[in-house]
Amino acid sequence: MATILEMRHIYKQFPGVLANADVCLQVEAGEVHTLLGENGAGKSTLMNVLCGLYKPTSGEILIEGKPVRFNSAKDSMAIGIGMVHQHFMLIPTMTVVENCLIGSHDAGGMKLDLKTAAQKISALAKEYSMELDPYKKIGDLAVGERQRVEIIKALFRGARILILDEPTAVLTPQETHELFNMVHSLTDKGFTVLFISHKLNEVKEISNRVTVLRLGRTCGTYNIADCSVNDLARLMVGREVSFSIDRRQQEQGAPVLQIEDLTLGQKDSEVKTLNHVNLTVHGGEILGIAGVDGNGQSELVECLTGLRRASEGKALYKGKDLLKCSTREIMSHGVSHIPQDRQRTGLVMPMPLRENFILQDYYTEEFGKGGFIDWKYVDAYSDRLIRDFGVKTPGRFELAQNLSGGNQQKVIVAREISRKPELLIAMHPTRGLDVGAIEYIHKNIMDQRDSGIGVLLVSTELEEVLKLSDRVAVMYEGEIMGIVKPSETTVEEMGLMMGGMPLEKIRGGGENV
């Protein structure tokens with residue numbers, strides 16, 4: 001195959017940070033080429049250089065052997081490079097078609113031709129087996145649907161080199177399978193795909209070749225057929241990585257959280273976002289919540305953390321009904337929350353790390369007295385969390401927005417676990433993390449469980465839920481389809497429940513665990 005893209009000796013320097021150093025990348029037309037590396041290894045920075053969002057400090061880019069220079073993302077787009085970002089570049093108040101038309105050469109001059117554009121979007125979505133309403137507002141879409149919009153937007157704008165930055169982080173296994181089918185159909189038609197992912201099984205499945213970055217530098221390019229998953233992990237983090245969980249057998253403690261008939265929706269409406277949810281989380285156990293994204297998991301967590309008011313029911317914790325408490329009241333009584341969206345609800349992006357570390361408890365006596373914050377103590381506290389949780393940053397004064405997505409996630413996990421909770425509510429705690437960081441976060445969550453803390457773990461990563469959980473509840477359209485022990489179920493049984501079949505029906509009248 002002919003070489004379609006070359007990046008030669010790329011350097012990208014930020015104040016205090018050398019993000020890319022002498023990076024070389026060669027991509028062939030029609031291949032799926034994966035960029036692999038730890039959080040902060042420079043993958044997203046390199047791709048932002050390629051798509052015109054950053055200018056390289058030095059180095060050159062060649063497309064089909066010809067040097068190119070991008071002054072903006074529009075220049076990169078015009079030559080056929082499209083990027084689907086890990087964090088969506090969409091305007092929530094606008095429709096799908098309006099988002100696709102922003103900056104597009106198909107915008108139609110002074111007057112937007114929404115009808116023609118919508119027809120083109122619908123045709124693209126149908127061609128690649130994606131259900132998408134072009135007139136629906138982005139703010140009304142589930143996370144997985146927004147991912148589809150980003151992919152369709154790039155295709156709509158004429159991309160022939162498609163950069164996918166962590167594209168499956170918000171997709172279900174079924175949606176991931178559909179995405180991979182779409183990627184193969186694109187490469188069959190001559191498109192080239194640059195794939196960034198931390199999920200090594202996916203990298204092994206989808207890629208032709210892989211280039212590994214470590215600490216901003218190229219470590220080498222390898223044929224995927226010559227690499228095992230363990231090889232990829234070792235190349236990425238520079239050491240052997242354990243994929244197993246050290247699970248200590250222990251008796252369940254007393255109930256920490258008892259959810260009774262939690263309902264969200266209009267009283268007289270037949271359709272409810274949450275419909276009489278009943279769950280119990282015990283001390284010293286991890287109760288996993290599995291299900292396709294958008295089936296009430298987010299609303300459940302928001303009700304339990306004071307971000308949304310339930311219509312009916314109770315959520316009893318230490319004698320309090322969490323459904324009637326404010327978020328501060330809930331968090332001040334030993335509840336920690338790892339939210340699903342690190343940038344919107346987990347961090348204040350323009351604030352430095354030391355302030356983000358104390359967001360939950362800055363007003364408590366631990367961090368100051370008399371209304372004054374003890375910044376000397378906060379600085380020592382921040383440095384300890386940065387060190388203990390392996391946050392890659394120049395220091396505590398770095399703004400959260402300047403960190404890679406995975407390191408932003410580490411900041412949140414470090415803050416919430418270090419609060420020493422009695423109940424940990426974790427939603428997608430490892431989303432966007434590399435295998436080394438996932439290994440570390442999983443160990444921390446298991447340590448919480450082993451110390452007697454109750455953990456409510458919500459994840460669309462079925463493998464993660466089954467690996468970590470003592471029991472798993474499956475949600476479908478706001479209802480619990482069944483509760484099972486991972487050792488006593490199968491992936492097929494889980495899939496049926498995720499598709500809406502109750503456990504009793506699957507097992508012919510059997511009882512929930």
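One-based numbering along the sequence shown.
A donor-acceptor pair under 3.5 Å is formed between the side chain of Ser185 and the backbone N or O of Met182. Gln297 contributes a side-chain N or O that, together with a main-chain N or O of Gly291, makes up a donor-acceptor pair within less than 3.5 Å. No side-chain donor-acceptor contact under 3.5 Å links Asp75 to the backbone of Phe70. The closest donor-acceptor contact from the side chain of Ser76 to the backbone of Ser72 lies at 3.5 Å or more, if one exists at all. With Asn99 contributing its side chain and Leu90 its backbone, the two residues share no donor-acceptor pair below 3.5 Å. Not a single donor-acceptor pair under 3.5 Å links the side chain of Arg354 to the backbone N or O of Asp383. A donor-acceptor pair under 3.5 Å is absent between the side-chain atoms of Asn223 and the main chain of Ala225, judged by distance alone. Proximity of a side-chain donor or acceptor of Lys410 to a complementary backbone N or O of Gly390 within less than 3.5 Å is detected. Side chain of Thr57 to main chain of Gln13: a donor-acceptor pair is present (N/O by atom type, distance under 3.5 Å, no hydrogens or angles).
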Worked check of side-chain hydrogen bond (donor to acceptor under 3.5 Å, both in side chains) between Glu98 and Thr95
CA-CA 5 Å; Glu98 288 167 344; Thr95 63; 3.3 Å; yes
Run the numbers on Leu468 and His442 for side chain to side chain contact (heavy atoms under 4.5 Å, CB included), then give the verdict.
CA-CA 8 Å; Leu468 292 179; His442 282 178; 3.5 Å; yes
Start with the C-alpha distance between His33 and Thr211, add both sets of side-chain angles, then the distance that settles side-chain hydrogen bond (donor to acceptor under 3.5 Å, both in side chains), and finish with yes or no.
CA-CA 8 Å; His33 196 114; Thr211 294; 2.7 Å; yes
Trace of the side chain to side chain contact (heavy atoms under 4.5 Å, CB included) decision for Met47 with Leu35:
CA-CA 9 Å; Met47 292 299 96; Leu35 275 182; 3.4 Å; yes
Stepwise, does the side chain to side chain contact (heavy atoms under 4.5 Å, CB included) test hold for Ile338 with Gln409?
CA-CA 9 Å; Ile338 300 172; Gln409 187 76 0; 4.0 Å; yes
Evaluate the criterion side chain to side chain contact (heavy atoms under 4.5 Å, CB included) for residue pair His337 and Thr327; output intermediate values, then yes/no.
CA-CA 10 Å; His337 174 212; Thr327 297; over 6 Å; no
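Proximity of Leu36 to Leu213: side-chain heavy atoms (C-beta onward) are nowhere separated by under 4.5 Å. A heavy-atom distance below 4.5 Å is not found between the side chains of Phe357 and Val378. The side-chain heavy atoms of Gln26 and Thr221, taken from C-beta on, include no pair separated by under 4.5 Å. For the pair Leu5/Leu50, a side-chain contact is recorded, criterion being any heavy-atom separation below 4.5 Å from C-beta on. A heavy-atom distance below 4.5 Å is not found between the side chains of Ile224 and Thr34. Asp361 has its side chain out of reach of Arg415: every pair of non-hydrogen atoms, C-beta onward, lies at least 4.5 Å apart. The shortest side-chain heavy-atom distance between Lys137 and Thr93 does not fall under the 4.5 Å cut-off.
Qualifying side-chain contact (heavy atoms from CB on, under 4.5 Å) partners for Ser228, counting only residues two or more places apart in sequence or in other chains: Asn230, Asp231. The side-chain contact (heavy atoms from CB on, under 4.5 Å) check on Val17 picks up Phe14, Pro394, with sequence neighbours excluded. With sequence neighbours excluded, the residues satisfying side-chain contact (heavy atoms from CB on, under 4.5 Å) with Cys24 are His9. For Phe191, there are no ring-ring contact (aromatic ring centres under 6.0 Å, His included) partners, not counting sequence neighbours.
For the side-chain contact (heavy atoms from CB on, under 4.5 Å) with Ile152, the qualifying choice from Leu132, Val84, Val96 is Leu132, the only one to do so. A side-chain contact (heavy atoms from CB on, under 4.5 Å) with Leu353 holds for exactly one of Asn402, Leu347, Leu385, Leu403; it is Leu403.
A salt bridge between Lys467 and Glu461 is absent, with no side-chain N of the basic residue lying under 4.0 Å from a carboxylate O of the acidic one. Salt-bridge annotation for Asp379 and Arg396: present, with a side-chain N of the basic residue lying under 4.0 Å from a carboxylate O of the acidic one.
Between Lys43 and Ile196, the shortest heavy-atom contact is CE-CG2, 3.6 Å. Considering every non-hydrogen atom in both Val229 and Lys204, the closest pair reads CG2-CB, 4.4 Å. Shortest non-hydrogen contact noted between Glu464 and Ser459 is OE1-OG, 2.8 Å. Considering every non-hydrogen atom in both Val301 and Met427, the closest pair reads CG2-SD, 3.9 Å.
Cation-pi check for Lys120 over Phe156 is met; the charged atom lies under 6.0 angstrom from the ring centroid and within 45 degrees of its normal.
The CG atom of Leu194 lies 7.5 Å from the CD1 atom of Ile161; values are rounded to the nearest 0.5 Å.
Sorted by first and then second residue, the salt bridge (charged side-chain N to carboxylate O under 4.0 Å, His left out) pairs involving residues 8-18 (not counting sequence neighbours) are Glu6-Arg8, Arg8-Glu60. Residue pairs satisfying the ring pair (Phe, Tyr, Trp, His ring centres under 6.0 Å) criterion with at least one member in residues 375-407, sequence neighbours excluded, are listed as follows: Phe367-Tyr377, Phe367-Tyr381, Phe389-Tyr440.
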